[in-house]
Amino acid sequence: AVSGPSISSAEVSGAITYISWTGGSNPITVKTESGTVLCTDETDGSCTAPKAIAPKNTKIYAVDTSGKQSALFSVSD
């Protein structure tokens with residue numbers, strides 16, 4: 001069985017938050033703990049979001065196409 005996604009990094013640089021993950025079945029959606037969608041239809045294991053909606057200490061997670069969720073991951077800088 002394919003395991004769900006796992007966020008490997010989420011770092012703020014300038015006005016952008018860079019997010020990377022591994023695993024899961026594409027496409028992947030990345031959301032904040034409060035439900036804000038940061039990235040959708042991702043297939044390459046990384047995406048970016050505006051710092052304004054994903055600043056440092058925001059808890060984010062990835063969801064794959066079968067609904068498997070990653071653990072929460074805190075954005076760092």
Side-chain angles (χ1 to χ4, degrees):
V2 177
S3 61
S6 177
I7 293 182
S8 47
S9 69
E11 292 189 359
V12 175
S13 179
I16 303 291
T17 300
Y18 295 86
I19 303 162
S20 299
W21 60 87
T22 57
S25 301
N26 289 332
I28 303 284
T29 301
V30 181
K31 299 181 180 180
T32 69
E33 184 178 26
S34 60
T36 302
V37 175
L38 301 179
C39 310
T40 58
D41 276 338
E42 296 293 332
T43 57
D44 64 354
S46 66
C47 69
T48 60
K51 177 187 174 183
I53 60 171
K56 184 182 178 184
N57 295 329
T58 303
K59 289 183 169 58
I60 67 172
Y61 65 96
V63 187
D64 76 2
T65 191
S66 62
K68 291 179 179 160
Q69 294 187 9
S70 73
L72 290 171
F73 192 96
S74 290
V75 176
S76 62
D77 59 9

Legend entry - D64 side chain to G24 backbone, donor-acceptor under 3.5 Å: no
Legend entry - Nearest non-hydrogen partners of A54 and T17, listed with the distance: O-OG1, 2.7 Å
Inset, instruction - Search all heavy atoms of C39 against all heavy atoms of I19 and return the closest pair with its distance. - result: SG-CD1, 4.5 Å
Legend entry - Residue that, paired with I60, satisfies side-chain contact (heavy atoms from CB on, under 4.5 Å) out of L72, T32, T36: T32
Inset, instruction - With the side chain counted from C-beta on, respond yes when P27 and E42 share a heavy-atom pair under 4.5 Å apart, and no when they do not. - result: no
Inset, instruction - Verify, without hydrogens or angle tests, whether T48 (side chain) and I16 (backbone) share a donor-acceptor contact under 3.5 angstrom. - result: no
Inset, instruction - Look at atom CG of D44 and say whether more than 12 heavy atoms of other residues, nucleotides or ligands are closer to it than 6.0 Å. - result: yes
Inset, instruction - Check for a donor-acceptor pair, side chain of T65 on one end and backbone N or O of S25 on the other, with a separation under 3.5 Å. - result: no
Legend entry - Side chain S70, main chain A62, donor-acceptor under 3.5 Å: yes
Inset, instruction - Indicate the atoms forming the closest heavy-atom contact of K56 with V12, along with that distance. - result: N-CG2, 3.9 Å
Legend entry - With W21, the side-chain contact (heavy atoms from CB on, under 4.5 Å) member among S6, C47, S9: C47
Inset, instruction - Compare all side-chain heavy atoms of P5 with those of Y61 and state whether any distance is below 4.5 angstrom. - result: no
Legend entry - Gap separating the CG atom of N26 from the OG atom of S66, nearest 0.5 angstrom: 11.0 Å
